Number of protein chains: 2
Amino acid sequence: MPAATPSTKCFTISQLARELNISTRSIRYYEEKGLISPQRTRGNQRVYNRRDRARLKLILRGKRFGYNLNEIAEMIGLTDVNMGETEQIKKSLEYGEKKLSEIRDRITELEKLAQEMNTIKGKLQQRLKDIANGSVP
Amino acid sequence: MPAATPSTKCFTISQLARELNISTRSIRYYEEKGLISPQRTRGNQRVYNRRDRARLKLILRGKRFGYNLNEIAEMIGLTDVNMGETEQIKKSLEYGEKKLSEIRDRITELEKLAQEMNTIKGKLQQRLKDIANGSVP
DNA sequence: GGCATACTTAACCTTAACGTCAAGGTCAAG
DNA sequence: CTTGACCTTGACGTTAAGGTTAAGTATGCC
């Protein structure tokens with residue numbers, strides 16, 4: 001067998017913070033809330049692997065859609081925690097299903113919003129033309 | 001000419017609050033922040049028309065996507081305020097364009113999120129099967 | 001070992017977005 | 001004109017999500 005763990009790249013907290021463009025404080029705060037649990041060095045410093053990094057990205061994505069940290073916690077509760085009893089898994093699946101349809105709703109809603117803004121855009125452009133001609137306001 | 005204003009249905013604040021499932025406090029707060037400016041009765045009570053109602057819906061939609069009220073204020077600044085000088089309109093258009101592409105980005109991102117959750121779902125189901133058989137955890 | 005960086009926890013501070021409560025005004029029904 | 005439901009402003013309270021600062025520890029490099 002060759003050397004071990006070929007896919008265990010690690011990051012420090014500030015590396016991740018820089019990469020994800022957030023503060024270290026935020027990352028620690030997410031940990032406080034139980035959203036991530038990185039390993040530690042002997043010296044007690046946090047070490048993040050790519051799974052942790054992926055999870056952070058997931059958290060940030062959730063945030064961008066207006067979910068708060070509690071909701072996100074529930075949402076990603078279905079990734080690797082729980083993973084114990086069949087019942088838990090089933091519940092997670094159920095929850096995930098709910099969230100998925102919620103997301104689909106959001107997508108259609110966003111499309112509606114885009115449409116709405118397009119309408120407004122059209123009106124503004126029309127108005128611009130009107131002004132260019134001389135139709136009084 | 002027949003009777004005037006055929007499309008001027010009005011609402012009280014609590015009617016809207018109930019319909020939109022938010023508190024009256026929130027609605028007043030949005031007004032405080034300059035996001036809506038309903039008419040008043042002689043007795044100084046707020047009266048909302050359907051345009052106001054539509055705007056409230058827009059605000060809530062924005063919120064659901066993680067925009068804060070300041071961002072939303074800017075965003076809807078392009079609906080009927082400004083509407084005065086050509087320069088303003090042009091700026092609004094520019095801003096709207098930016099927002100539109102932002103929205104498109106969000107849509108793709110949401111799709112990615114949905115995909116990700118589907119992957120998780122698959123894993124959970126697989127795990128469920130494994131347990132059903134008897135492969136130890 | 002010594003130095004510069006980066007990391008740790010703990011404590012306190014800030015801001016947005018409301019919730020809540022008080023003290024009083026409005027409005028439609030009777 | 002009274003009553004009850006609803007509305008007004010104002011002020012203060014609360015909560016989530018961090019920012020900030022302090023005092024001390026780890027790590028990498030010379």
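Below, chains carry the letters A, B, ... as their sequence lines are ordered, and counting in each starts from 1. Just so it is clear, the model here is predicted, and its values are computed rather than measured.
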Using a distance-only test with no angle check, is there a side-chain donor-acceptor pair under 3.5 angstrom linking B/Glu74 and B/Asn70?
no
Rounded to the Å, how far apart are A/Phe11 CZ and C/dA6 C1'?
18 Å
Find every protein N or O atom lying less than 3.5 Å from an N or O atom of nucleotides 26-28 of chain D, and list the pairs.
residue: D/dA26; atom: O4'; partner: A/Gln45; partner atom: OE1; Å: 3.0
residue: D/dT27; atom: OP1; partner: A/Thr41; partner atom: OG1; Å: 3.2
residue: D/dT27; atom: OP1; partner: A/Gly43; partner atom: N; Å: 3.3

Is the shortest heavy-atom distance from the side chain of B/Thr12 to the side chain of B/Gln45 under 4.5 Å?
no
Hey, is the side chain of A/Tyr30 poking within less than 4.0 Å of OP1 or OP2 on D/dA17, counting only N and O atoms?
no
Within residues 22-35 of chain A or reaching into it, pairs that qualify as salt bridge (Lys or Arg N to Asp or Glu O under 4.0 Å) - sequence neighbours excluded
A/Arg25-A/Glu32, A/Glu31-A/Arg40, A/Glu31-A/Arg46
Spacing of B/Glu31 atom CD relative to C/dC18 atom P, expressed in whole Å:
15 Å
Out of D/dC7, D/dT8, C/dG19, whichever nucleotide has its closest atom nearest the side chain of B/Arg28
D/dT8
For B/Lys63, the side chain to side chain donor-acceptor pair (under 3.5 Å) test, sequence neighbours excluded, returns none
When the distance from CZ of A/Arg18 to P of C/dT5 is rounded to whole Å, what number comes out?
14 Å
Round to a whole Å and report the spacing from OH of B/Tyr29 to P of C/dT20.
16 Å
Over all strands shown, is A/Thr12 touching base, sugar-phosphate only, or nothing at heavy-atom distances under 4.0 angstrom?
sugar-phosphate
Given atom CD of A/Gln39 and atom C1' of C/dC7, what is their separation to the nearest angstrom?
17 Å
So does A/Ser26 get a backbone contact from the side chain of A/Ser23, meaning a donor-acceptor N/O pair under 3.5 Å?
yes
Do B/Lys129 and B/Gln125 come within less than 4.5 Å of each other through their side chains, counting heavy atoms only?
no
If I take atom CD in residue A/Gln15 and atom C1' in nucleotide C/dA6, what distance separates them, rounded to the nearest angstrom?
11 Å
Find the distance B/Glu71:CD to C/dT15:P and express it as a whole number of Å.
18 Å
Identify the residue among B/Ile27, B/Leu60, B/Ile59 that makes a side-chain contact (heavy atoms from CB on, under 4.5 Å) with B/Leu20.
B/Leu60
Using a cut-off of strictly less than 4.0 Å between a heavy atom of the residue and any atom of DNA chain C, enumerate the qualifying residues of residues 60-70 of chain B by number.
B/Lys63, B/Asn68, B/Leu69
Separation of D/dT15 atom P from B/Arg25 atom CZ, nearest Å, is 16 Å
Looking at the side chain of B/Ser23, which of C/dT8, C/dC18, D/dT8 is the nearest nucleotide?
C/dC18
What residues, two or more places apart in sequence or in another chain, satisfy side chain to side chain donor-acceptor pair (under 3.5 Å) together with B/Glu71?
none
Taking 4.0 Å as the cut-off, does a side-chain nitrogen or oxygen of A/Ser14 come that near to OP1 or OP2 on C/dC7?
yes
With B/Arg64 via side chain to side chain donor-acceptor pair (under 3.5 Å) - residues at least two apart:
A/Glu109
